[in-house]
Amino acid sequence: MSDDQKPQRPKAQPVRGMQDFLGEPAARFEHVAQTFRDVSRRFGFRRVEVPVVEFTHVFARTLGETTDVVSKEMYSFEDRNGESLTLRPEFTAGICRAYISEGWQQFAPLKLVTHGPLFRYERPQKGRYRQFHQIDAEVIGAAEPAADVELIAFADLLLKELGVQGVTLQLNTLGDAETRAAWRDGLVAHFSAHKDVLSEESRKRLETNPLRILDSKEAADRPLVEAAPAIDAYMSAEAGAFFEAVQKGLQASGVAFERQARLVRGFDYYRHTAFEFVSDALGSQATVIGGGRYDGLIEAMGGPHTPAVGWAGGIERLMMLCSEPAAADVEVALVPMGEAAELAANGLLAELRAAGFAAEQGWRGNMKKRMERAAKSGARFAVILGDSELEAGTVALKDMAAGTQRTVARADLLAVLQAAR
RNA sequence: GCGAUCGUAGCUCAAUUGGUUAGAGCGCUGGUUUGUGGUACCAGAGGUUGCGGGUUCAAGUCCCGUCGGUCGCCCCA
């Protein structure tokens, strides 16, 4: 690998579409993840960990082998055995694979959350990176509409806790298998009858994925889409009752939503509930959290018939929308002067940290430098410790915001800080 | 995969129709003050102008290529 013949070293640069975070963006990232963990705990969801890499067919099968999603947009490569592996482009397929592999049906119904990096081999652009991050929630093994309600209420509360403004929940149903099939046929008939007016892309979709014509961006398709039959005309009694139950449950939970009859999911293992939390602040990449019921997926992957529902949300997008977190990393900064004080500072730090304080000391520089660093760290208090304080068994406690300073007995410091908390 | 656009200090940007030694602010380091930060003043470090080639007496500036960023198209699980 390293070629010491050549003086030219490779540039230190990230792989295309991958990014490094430090400081404010890193804090926002952590804030989203932290809030997600907290809200998921309140809803009784358990953390699940699954691999970042799976055999390519795990994703290829669920996405449809022939689409260029598979051929072009998955981050795939061969390992040393010539086995085709893929960096996960989404969470659901891997979690379902684990559910089958590990026999997790014994725990059903399972309420699971996870978050972490995902990968898609696309040209990066605004809001889309090759490595990106999502939060994810799934309920596996529950056919009840109550599961959909709880899952959506979870997302709703999360967005509220994050302080995300201007988001609306759009809700639709894709019905059960028969309803969906009948609707699909109805749509194909409708669009085929007006094929000549249809945009070129939508004409292609007519063959591959007719439901997707409904969210075509082409202005030319608008009137046709408006005139297209809604699913309601094809709804079976069971599917209608299910959708009704979800809507009533949301209303009872105080979750606001609006019916969006053109909201669809492309793949045919999706059933019933489909929803998206859509922001008006993000341009074309408007969805912040999207999900739905995928009762057919686990069976399609070779497992037992298992109803399931889930959602995922992009952390980077949520970062852009949430109110900025208050970044107070350090509470107490120690400013020791001289070797003896530096040594003594270690004991103080240990005591403070054991008591739950975020505390640190500057490692270098004269007093001025250390005070500067203390100020930059955002610490509320500076604890100044020099030879005279050591002798007297005291410290100087400075309130950084007020600029006031007083002498405190070393033995009382912890109590004084706790009182000020 | 296709298209547009941009690459100058760690960051944000200057630099006359091509014309001396490529500048500023912020940040960083040190000092004014070897015991006091968030405000002041002084000084310093930091650049092969992304990389390679070409045109020219002369290229940060013009041309070609290449790599990278950004935005869009395709796609969006």
Side-chain angles (χ1 to χ4, degrees), chain A residues 7-19 22-23 58-65 67-75 86 88-96 118-129 132 134 136 199-201 204-205 208-209 212 215-218 264-270 274 276 283-287 290-292 294 297 310-312 314 317 330 333 335-338 341 362 364-390 395-405 407:
Chain A
Q8 243 185 1
R9 232 177 297 167
K11 264 186 274 182
Q13 64 175 24
V15 172
R16 184 193 291 268
M18 316 259 164
Q19 43 184 352
L22 178 68
V58 170
F59 304 114
R61 241 177 236 169
T62 63
L63 298 173
E65 329 240 357
T67 63
D68 56 328
V69 166
V70 174
S71 58
K72 194 171 95 183
E73 289 164 28
M74 293 206 307
Y75 214 120
T86 294
R88 61 184 179 196
E90 54 146 0
F91 282 112
T92 306
I95 291 173
C96 289
L118 302 172
F119 303 84
R120 294 180 189 178
Y121 200 86
E122 298 178 288
R123 199 70 192 274
Q125 55 184 283
K126 190 182 183 72
R128 307 179 78 174
Y129 301 94
F132 57 102
Q134 285 189 346
D136 182 272
S199 71
E200 200 185 319
E201 267 115 50
K204 261 185 268 169
R205 288 189 183 128
T208 57
N209 208 338
R212 288 225 77 94
D215 52 23
S216 165
K217 285 182 225 159
E218 298 288 328
V264 292
R265 291 280 112 102
F267 299 107
D268 61 5
Y269 50 78
Y270 282 109
E276 289 181 0
S284 60
Q285 323 276 342
T287 303
Y294 52 94
L297 176 59
W311 55 252
R317 284 188 199 170
V330 179
V335 180
M337 281 168 302
R364 66 166 74 116
N366 56 24
M367 180 172 193
K368 181 190 155 106
K369 278 296 153 200
R370 292 186 196 221
M371 285 301 289
E372 271 177 19
R373 286 186 198 287
K376 244 171 237 173
S377 74
R380 254 186 91 191
F381 295 103
V383 173
I384 299 155
L385 188 59
D387 290 338
S388 52
E389 282 85 0
L390 280 181
V395 297
L397 180 64
K398 180 160 188 174
D399 182 318
M400 295 300 274
T404 56
Q405 185 171 324
T407 302

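Proteins get letters first, then strands, A, B, ... in listed order; numbering begins at 1 in each. Model, not experiment: these values are computed from the prediction.
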[atom1] atoms of [N] and [M], separation to the nearest Å:
N	M	atom1	answer
B:U16	B:U55	C1'	22 Å
B:G65	B:C73	C1'	25 Å
B:G23	B:U39	C1'	27 Å
B:G31	B:U12	P	30 Å
B:G50	B:U56	P	23 Å
B:C51	B:A9	P	10 Å
B:U49	B:G7	C1'	9 Å
B:C71	B:G52	P	28 Å

In B/S/- notation (B base, S sugar-phosphate only, - none; protein heavy atoms under 4.0 Å), nucleotides 40-49 of chain B written 5' to 3' is B---------
Paired with [N]: which nucleotide, if any, by Watson-Crick or G-U wobble criteria at under 3.5 Å for both distances?
N	result
B:U70	B:A4
B:G25	B:C11
B:G46	none
B:U20	none
B:U61	none
B:U39	none

Heavy-atom nearest pair, A:Tyr121 first then A:Met74, reads CB-O, 3.6 Å
Length of the line joining [X]:[atom1] and [N]:[atom2], which is rounded to integer Å:
X	N	atom1	atom2	value
A:Glu73	B:C74	CD	C1'	8 Å
A:Lys369	B:U32	NZ	P	12 Å
A:Met74	B:G1	CE	P	17 Å
A:Met371	B:G37	CE	C1'	5 Å
A:Asp136	B:A77	CG	C1'	12 Å
A:Arg317	B:C76	CZ	C1'	9 Å
A:Arg123	B:C67	CZ	P	11 Å
A:Leu390	B:G35	CG	C1'	13 Å

Which nucleotide in the set [options] lies at the smallest distance from any side-chain heavy atom of [X]?
X	options	result
A:Gln13	B:U36, B:A77, B:G68	B:G68
A:Pro124	B:U70, B:G35, B:A77	B:U70
A:Gln125	B:G31, B:A77, B:G72	B:G72

Nearest heavy atom decides the nucleotide; on that basis, is A:Ala402 or A:Glu276 closer to the 5' end of RNA chain B?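 Looking at the nearest nucleotide for each, A:Ala402 comes out on the 5' side.
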Where each residue is assigned the nucleotide of RNA chain B containing its nearest heavy atom, which of A:Met18 and A:Glu122 is assigned the position nearer the 5′ end?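 Nearest nucleotide further toward 5': that of A:Met18.
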To the nearest 0.5 Å, how far apart are [atom1] in [X] and [atom2] in [Y]?
X	Y	atom1	atom2	value
A:Asp399	A:Phe381	CG	CZ	5.0 Å
A:Lys398	A:Thr404	NZ	OG1	8.5 Å
A:Met400	A:Met371	CE	CE	4.5 Å
A:Arg120	A:Glu73	CZ	CD	8.5 Å
A:Glu90	A:Ile95	CD	CD1	9.0 Å

Report yes if some heavy atom in the side chain of A:Arg370 is under 4.5 Å from a heavy atom in the side chain of A:Pro336; otherwise report no.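 In short, these two side chains touch, coming nearer than 4.5 Å.
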A:Met18 and A:Phe119, any side-chain heavy atoms less than 4.5 Å apart: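 Yes, their side chains come closer than 4.5 Å.
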Which part of the nucleic acid, if any, lies within reach of A:Ala401 when heavy atoms closer than 4.0 Å are counted: base, sugar-phosphate only, or nothing? base
Touch class at under 4.0 angstrom, heavy-atom based, for A:Thr92 against every strand present: nothing
Give a yes/no on whether any side-chain N or O of [X] is located under 4.0 angstrom from OP1 or OP2 of [N].
X	N	answer
A:Arg370	B:G37	no
A:Arg128	B:A77	no
A:Arg16	B:U70	no
A:Asn366	B:G30	no
A:Arg120	B:C75	no

Distance-only donor-acceptor test, [X] side-chain atoms vs [N] base atoms, 3.5 Å:
X	N	result
A:Glu389	B:G35	yes
A:Lys398	B:G37	yes
A:Glu372	B:U36	no

Quick one: does any side-chain atom of A:Arg380 pair with a main-chain N or O of A:Ala401 as donor and acceptor, under 3.5 Å? no
Is the side chain of A:Arg317 donor-acceptor paired with the backbone N or O of A:Thr287 at a distance under 3.5 Å, no angle test? yes
